Amino acid sequence: MNVHAKPNAPVLDSYWMPFTANRQFKKAPRLLVAAEGMHYTSDDGRKVLDGTAGLWCVNAGHGRRTIAEAVQRQLTTLDYAPSFQMGHTIAFDFAERLAEIAPGPEGGKLDRVFFTGSGSESVDTALKIAVAYQRAIGQGTRNRLIGRERGYHGVGFGGISVGGLVNNRRVFPQLPGTDHLRHTFDPARNGYVKGQPEHGAELADDLERLVALHGAETIAACIVEPVAGSTGVLPPPKGYLERLRSICDKHGILLIFDEVITGFGRLGAPFATDFFGVVPDLITTAKGLTNGALPMGAVFASRKVHDALMQGPEGAIELFHGYTYSGHPAACAAGIATLDIYESEGLLTRATEIQAEWDAAIHSLKGSAHVTDIRTIGLIAGIELASREGSVGSRAYDVFVDCFEKGLLIRVTGDIIALSPPLVIESGQIGEIVDVLGKAIAAVA
């Protein structure tokens, strides 16, 4: 029960909450009313340290006035304009700014940007672009899409089809012609890892198995998260992404990195692509794109992919795809202001500076009751707890509630605790996270 619940709480009946046990939540709601810097404020006036950057997205911390002011100026200048057969200047300006930091080598940067409204939209957009690309180059039989077990790629039908989290899939039909690589989780060989695990590069060869099963001529693209996030933080084994890239090249398969979580500094580089030194053909982003201030996503495409579609009659629409809010003016203003903060404060690489301290602090929980594994990379951590018999997820949920009552916001998925604080976190706050979390873990049965 939420011991801080107020008797005059707002009426909660009408809002159908996403990814939430609605009946359970509404009996003991946890409500936030304000945020600044590293902290939320709850509806009863308590400060709550944000250990999750909101939902992996508030990388520069909360309440950044320059972002709010940029959005206000834009809304009073041009609140909305269509992007179908029309344009507005700030969308082009934002795309150019993103192209400047786009990953990839000179001459091979992924500097063609398609705007969406979310990570889920970015994934479905990238999948459609991949199929369209294959058709544009005369490979029209390539319609199959390969994902990975324990992967999360949003909630569109494309995303759940290539995704590999069973609860996201079991109720809904999936697109035909999808298949999945095995996941890379191997606690027996890679327990308590800091950074990339030593073992598991050979798991990328699963793509060769799927090529042998389906035929390379049927496969359009393979999509993976460089670091799987929502499944509980699974860093890629050393050599795994390189091997996957090589197999894709060998068979003419496009490689898509889902960087909705890892984009914009989470690993200590602008993108996971930069961090691992492996360049895909398409990258999906969202979350940190606008610091969570307004919904927005973007797909970064290589010129090879983009230019293949820029064929045919000049007046023909090259890609029959888009959204009402693609390149929304206010979201673009938020994005440009966010990039300014990232640049001026060095936030896209700050995780590298505090990596050792973060690793040491989080791994100090090794040996705590119920802790069976810990994984850290960049400014991310996954702490795995032993499940209660017949009640998977209940132990981590109790830790989550106890942490909130004690002033810390964490995220749980099953019995895995995920941490991804804003990149502006200070040393004392890292210590506070570990202290509160350690006590909460020790308190649960």
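Scope of the values below: all heavy atoms of this structure, side chains included, with no hydrogens, waters or symmetry mates. Quick caveat: nothing in here was measured; it's all calculated off a predicted structure.
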Backbone of Glu149 reached by a side-chain donor or acceptor of Arg182 within 3.5 Å: no
Test of understanding: with side chain to side chain contact (heavy atoms under 4.5 Å, CB included), list the residues that count as partners of Arg112, not counting sequence neighbours. Ala301, Arg303, His306
For residues 251-275, the ring pair (Phe, Tyr, Trp, His ring centres under 6.0 Å) pairs (sequence neighbours left out) are Phe264-Phe271, Phe271-Phe300
Output all residues satisfying ring pair (Phe, Tyr, Trp, His ring centres under 6.0 Å) with Tyr40, sequence neighbours left out; order by chain, then residue number. His62
Check for a donor-acceptor pair, side chain of Ser394 on one end and backbone N or O of Ser391 on the other, with a separation under 3.5 Å. yes
Backbone of Gly163 reached by a side-chain donor or acceptor of Arg169 within 3.5 Å: yes
Mind running side chain to side chain contact (heavy atoms under 4.5 Å, CB included) on Leu203 and Leu181 for me, showing each step along the way? CA-CA 8 Å; Leu203 292 168; Leu181 309 172; over 6 Å; no
Go through the side-chain N and O atoms of Glu121 and Tyr325 and say whether any donor and acceptor fall under 3.5 Å apart. no
Test item: side-chain donor near acceptor, Thr273 and Glu259, under 3.5 Å: yes
Salt bridge (Lys or Arg N to Asp or Glu O under 4.0 Å) evaluation trace for Asp93 with Arg97: CA-CA 6 Å; Asp93 292 343; Arg97 288 289 303 277; over 6 Å; no
Residues Lys128, Asp124; criterion salt bridge (Lys or Arg N to Asp or Glu O under 4.0 Å); working and verdict: CA-CA 6 Å; Lys128 290 175 74 174; Asp124 280 16; over 6 Å; no
Verdict with reasoning, Asp258 to Arg148, per salt bridge (Lys or Arg N to Asp or Glu O under 4.0 Å): CA-CA 12 Å; Asp258 185 341; Arg148 186 170 59 187; over 6 Å; no
Would you call the rings of His183 and Phe185 parallel, tilted or perpendicular if under 30° counts as parallel and over 60° as perpendicular? tilted
Quick check on Glu345: does its CD atom have over 12 non-hydrogen neighbours (other residues, nucleotides or ligands) under 6.0 Å away? yes
Cation-pi check, Arg350 onto Tyr342 ring (under 6.0 Å, within 45° of axis): no
Would you be so kind as to tabulate the donor-acceptor pairs closer than 3.5 Å made by side chains of residues 286-298, with sequence neighbours excluded?
| unit_1 | atom_1 | unit_2 | atom_2 | d |
| --- | --- | --- | --- | --- |
| Lys287 | NZ | Leu55 | O | 3.0 |
| Thr290 | OG1 | Leu294 | O | 2.7 |
| Asn291 | OD1 | Asn59 | N | 2.9 |
| Asn291 | OD1 | Ala60 | N | 2.7 |
| Asn291 | ND2 | Gly61 | O | 3.0 |

Over 12 foreign heavy atoms within 6.0 Å of CZ, Phe25: yes
Donor-acceptor contact below 3.5 Å, side chain Lys194 vs main chain Asp359: no
Take Val131 and Gln134 through the side chain to side chain contact (heavy atoms under 4.5 Å, CB included) test and state the conclusion after the steps. CA-CA 5 Å; Val131 172; Gln134 297 289 7; 5.9 Å; no
Name every donor-acceptor pair, under 3.5 Å, that has one atom in a side chain of residues 361-368 and the other anywhere in the protein, sequence neighbours excluded.
| unit_1 | atom_1 | unit_2 | atom_2 | d |
| --- | --- | --- | --- | --- |
| His363 | NE2 | Val193 | O | 3.4 |
| His363 | NE2 | Thr376 | OG1 | 3.1 |
| Ser364 | OG | Ala361 | O | 2.5 |
| Ser368 | OG | Leu365 | O | 2.7 |

Among side-chain atoms of Thr413 and Ser230, is any donor-acceptor pair under 3.5 angstrom? no
Does Val399 form a side chain to side chain contact (heavy atoms under 4.5 Å, CB included) with Ile417? I'd like the steps, not just the answer. CA-CA 9 Å; Val399 172; Ile417 297 163; 3.9 Å; yes
Could you tell me which residues satisfy side chain to side chain contact (heavy atoms under 4.5 Å, CB included) with Lys304, sequence neighbours excluded, listed by chain and number? Tyr133, Leu254, Asp281, Ser302
Is the shortest side-chain heavy-atom distance between Ser427 and Glu357 below 4.5 Å? yes
Which atom of Val279 lies closest to which atom of Pro105, heavy atoms considered: CG2-CD, 4.0 Å
Under the salt bridge (Lys or Arg N to Asp or Glu O under 4.0 Å) rule, what do Lys47 and Glu432 come out as? Steps first, then yes or no, please. CA-CA 13 Å; Lys47 294 296 183 184; Glu432 184 180 348; over 6 Å; no
What's the verdict on side chain to side chain contact (heavy atoms under 4.5 Å, CB included) for Arg266 and Leu423, showing C-alpha distance, side-chain angles and the deciding distance? CA-CA 7 Å; Arg266 182 52 55 186; Leu423 304 176; 4.0 Å; yes
Minimum-distance pair of heavy atoms, taken over all atoms of Val227 and Pro236: CG2-CD, 4.0 Å
Tell me if a side-chain donor or acceptor on Asn22 pairs with a main-chain N or O of Met17 at a distance below 3.5 Å. yes
Less than 4.0 angstrom from a charged side-chain N to a carboxylate O is my criterion; do Arg209 and Asp206 meet it? yes
In this structure, CG of Asp186 is separated from CG of Leu234 (nearest 0.5 Å) by 11.0 Å
Pair Arg375 + Glu384, salt bridge at N-O below 4.0 Å: yes
Would you check if there is a donor-acceptor pair between the side chains of Thr52 and Asp50 at a distance under 3.5 Å? yes
Hey, could you give me the CG/OG1 distance between Leu267 and Thr349, rounded to the nearest 0.5 Å? 12.5 Å
